[in-house]
Protein chains: 2
Amino acid sequence: MVKRPADPANGSAPAARQVPMRDFSRSLPMSLLRAREAVMRQFRPSLREHGLTEQQWRILRALAAIEAVEVTELARTAFLLGPSLSRILRDLEARNLVERKTAKADQRRSMVSISKEGVKLMASVAPTSEAIYAEITRRFGARKLAELQEMLGALEQSLAELGASEEASAEE
Amino acid sequence: MVKRPADPANGSAPAARQVPMRDFSRSLPMSLLRAREAVMRQFRPSLREHGLTEQQWRILRALAAIEAVEVTELARTAFLLGPSLSRILRDLEARNLVERKTAKADQRRSMVSISKEGVKLMASVAPTSEAIYAEITRRFGARKLAELQEMLGALEQSLAELGASEEASAEE
DNA sequence: CGCATTCACTTAACATGTTAAGTATCTCCC
DNA sequence: GGGAGATACTTAACATGTTAAGTGAATGCG
């Protein structure tokens, strides 16, 4: 039933394979993608029942902990790009889940906060969400989970500087 | 400079917070998302220079190892949903990077394979890609990397069964 | 055989990811 | 104080993610 990708007898291989790439399915990006999908698959149905997407939920959660934030900082917190956040805030504002007012001191900035309705919605979603998280923790093991998170953080750290040194290859 | 999310003195908190959610930024989905983004940020520029997106590259890599596959199996391998794959294949075919022909035995199925041009393109991208992967491995440590991948796989396993048992809450 | 089901995709519709441009506001420095 | 440059978003354009519906081809079963 399992169709293996013809790994043996590749003898008459198509010449150009000088650099035999790692088995694709075991690359780090794929591992991370699959793991994340496995996790999110658990949450999506519940969020969907409440009319929220994953990203909208991220924004509400980020807002719940504070009084108000600038859009840019919210983008950093919720790990969304500016354009995505712009669109989502427009929609969340239309649904009265968040509020927005331009900062007095700087007309460019706008301060975003969660509305009462937003808080209410969160309260209705949070229990299920926490239950799912608890079940995941139970299945995988709290200690292993903490370990995993630590490694993920370390990985981020390892690559943080790498991304910043983008000179020397001036493309334009 | 660091604007902490007002965690103390939440005394006059907005009532509805019966379920105090974990610190948002430390949730598993966020950790996975950030880690993956940190990794992909390294690859994207190189792929872009070759006119490929991350997903297109995934498809080519998946195809490189085999003679031909059905679309459905390719979707599983490259971890893409059917609709995404449909669109991307249409484009890759237009660019002559992949080829497609309907299976003789079953007119519904179409077999996809990488073209000569596709192989050539891969050969031109692979070296850089492997170099980046090597650098990531060097920075993070080969052993830690293997450990991380193992944990990610275990996490997937833990949640695999959970997702399958979707009865008992018949929504429709 | 005939027809309802299932299967393997493809289209459609809407939301987000990603990069580049655009717009309004602010800052700084001459 | 005025204009160049930096900032904080927002729009635009294209690609993908996600779910639902559509289409044509096989299958199963009476």
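Worth knowing before you read on, the calculation uses all heavy atoms, side chains too, and leaves out hydrogens, waters and symmetry mates. By convention in this document, chain letters (A, B, ...) are assigned in the order of the sequence lines, proteins followed by strands, and residues within each chain are numbered from 1.
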Quiz item: What integer distance in Å separates B:R41:CZ from C:dG17:P?
Solution: 14 Å

Practice problem: Please check the phosphate of D:dT16 (OP1 and OP2 only) for any side-chain N or O of B:R87 closer than 4.0 Å. | Solution: no

Quiz item: If you look at every strand shown and take non-hydrogen atoms under 4.0 Å, does B:R48 touch a base, only sugar-phosphate, or nothing?
Solution: sugar-phosphate

Practice problem: Could you check how far CZ of A:F43 sits from C1' of D:dG17, rounded to whole Å? | Solution: 19 Å

Quiz item: Is there a donor and acceptor pair, one atom on the side chain of B:R108 and one on the base of C:dC7, closer than 3.5 Å?
Solution: yes

Quiz prompt | Pair A:S115-A:E99, side chain to side chain donor-acceptor pair (under 3.5 Å): steps then yes or no | solution = CA-CA 6 Å; A:S115 72; A:E99 289 160 1; 4.8 Å; no

Quiz item: NA contact type, A:L80, heavy-atom cut-off 4.0 Å: base, sugar-phosphate, or nothing?
Solution: sugar-phosphate

Practice problem: May I ask you to say what B:S86 touches in the nucleic acid, namely base, sugar-phosphate or nothing, with a heavy-atom cut-off under 4.0 Å? | Solution: base

Quiz item: Within this structure, what is the CD-to-C1' distance between A:E70 and C:dT25, rounded to whole angstrom?
Solution: 14 Å

Quiz prompt | Between P of D:dT10 and CG of A:L74, the distance in whole Å | solution = 11 Å

Quiz item: Could you state the CE-P distance from B:M40 to D:dG17, rounded to the nearest angstrom?
Solution: 12 Å

Practice problem: For B:T53 and for A:L89, find the nucleotide of DNA chain D with the closest heavy atom, then tell me which residue's nucleotide is more 5'. | Solution: A:L89

Quiz item: Whole Å only: how far is the CG atom of B:L47 from the P atom of C:dT18?
Solution: 13 Å

Quiz item: Just checking B:S84: base, sugar-phosphate only, or nothing, at a heavy-atom cut-off of under 4.0 Å?
Solution: base

Quiz item: Could you state the CG-P distance from A:L52 to D:dG17, rounded to the nearest angstrom?
Solution: 22 Å

Quiz item: Given atom CG of B:L92 and atom P of C:dT10, what is their separation to the nearest angstrom?
Solution: 13 Å

Quiz item: Of A:Q56 and A:P83, whose nearest nucleotide on DNA chain C comes first from the 5' end?
Solution: A:Q56

Exercise. For side-chain contact (heavy atoms from CB on, under 4.5 Å), just list the numbers for B:L97 and B:I59, CA-CA rounded to whole Å, side-chain angles, deciding distance to a tenth of an Å, and then say yes or no.
Key: CA-CA 10 Å; B:L97 295 176; B:I59 292 174; over 6 Å; no

Exercise. In sequence, state the C-alpha distance, the side-chain angles, and the governing distance for B:R34 and B:S25, and then conclude on side-chain contact (heavy atoms from CB on, under 4.5 Å).
Key: CA-CA 10 Å; B:R34 279 199 304 251; B:S25 68; 3.9 Å; yes

Exercise. State whether A:T72 places a side-chain N or O below 4.0 Å from either non-bridging phosphate oxygen (OP1 or OP2) of D:dA8.
Key: no

Practice problem: Select base, sugar-phosphate, or nothing to describe what A:I88 touches, counting heavy atoms under 4.0 Å on all strands. | Solution: sugar-phosphate

Quiz item: Taking N and O atoms by type only, does the side chain of B:R44 place a donor or acceptor under 3.5 Å from a partner on the base of C:dG17?
Solution: no

Quiz prompt | Taking every non-hydrogen atom, the tightest pair across A:M30 and B:R58 | solution = SD-CD, 3.2 Å

Self-check item: Backbone of A:L159 reached by a side-chain donor or acceptor of B:R139 within 3.5 Å
Solution: no

Quiz item: Under 3.5 Å, is there a donor-acceptor pair between the side chain of A:Q56 and the main chain of A:T53?
Solution: yes

Quiz item: Which comes earlier along DNA chain D counting from the 5' end, the contact point of B:Q107 or that of B:D91, where each point is its nearest nucleotide?
Solution: B:D91

Quiz item: Which nucleotide, D:dC9, D:dT10, D:dG17, lies nearest any side-chain atom of B:L81?
Solution: D:dG17

